Amino acid sequence: MLHGWEDPIAPPEDVLGMARELTAAGADWQLHAYGHAMHAFTFPGAQMPERGLQYDANAARRAQQAIDGFLAETLGPIER
């Protein structure tokens, strides 16, 4: 899970609930929480902080690194 910690649409309590459910189910999971990031933090067009939607370049970059790492682990090295 890649989560913006200030996301009002999926608040931290809900994300932690999902983590508990995944753990109880025996799933192999990770949670990457990005401080001060809101919902849609990877989408440059998200510019409505009053609605909880805001692009965050640092969180987006870090999330992309996490995705790349996951894909490399799962599918093999990424060639660019």
Side-chain angles (χ1 to χ4, degrees):
M1 294 181 281
L2 306 173
H3 182 257
W5 200 247
E6 302 300 323
D7 184 341
I9 298 165
E13 299 78 27
D14 292 351
V15 174
L16 294 176
M18 178 178 273
R20 284 189 282 278
E21 289 181 28
L22 291 169
T23 297
D28 178 15
W29 65 274
Q30 294 181 23
L31 168 60
H32 297 257
Y34 301 97
H36 309 290
M38 295 183 169
H39 195 80
F41 66 88
T42 62
F43 179 57
Q47 300 297 329
M48 294 184 286
E50 70 280 0
R51 299 183 83 182
L53 305 168
Q54 183 67 50
Y55 175 68
D56 184 307
N58 287 330
R61 177 179 42 77
R62 292 170 182 152
Q64 188 61 59
Q65 291 171 344
I67 292 167
D68 290 347
F70 171 78
L71 291 174
E73 178 183 331
T74 306
L75 303 174
I78 298 171
E79 294 184 27
R80 293 192 186 225

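Since this is a predicted model, take the numbers as computed values, not measurements. By convention here, the first residue in the shown sequence is residue 1.
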Any side-chain heavy-atom pair of L22 and D28 under 4.5 Å: no
T42 and A63: which non-hydrogen atoms are nearest, and at how many Å? CG2-CB, 4.3 Å
Looking only at heavy atoms, which two atoms of A37 and A59 are closest? And how far apart? CB-CB, 4.0 Å
Is any side-chain heavy atom of Q54 closer than 4.5 Å to one of Q47? yes
More than 12 foreign heavy atoms under 6.0 Å from CD of Q65: is that the case here? yes
Tell me whether F70 is reachable from I67 by hopping between hydrophobic residues (I, L, V, M, F, W, Y) whose side-chain heavy atoms are closer than 4.5 Å. yes
So how far is it from D14 CG to I9 CD1, rounded to the nearest 0.5 Å? 11.5 Å
Considering residues, nucleotides and ligands other than R51, do more than 12 of their heavy atoms fall under 6.0 Å from its CZ? no
Heavy atoms from other residues, nucleotides or ligands near CE of M1 exceed 12 (cutoff 6.0 Å): yes
Quick one: do W29 and T23 satisfy side-chain contact (heavy atoms from CB on, under 4.5 Å)? Show the steps, please. CA-CA 8 Å; W29 65 274; T23 297; 3.0 Å; yes
Are the aromatic rings of F41 and Y34 close, with centres under 6.0 Å apart? yes
Validation row: M38, D56 side chains within 4.5 angstrom (heavy atoms): no
State the CZ-CG distance between R62 and L2, to the nearest 0.5 angstrom. 13.0 Å
Euclidean distance, M18 CE relative to H3 NE2, rounded to 0.5 Å: 10.0 Å
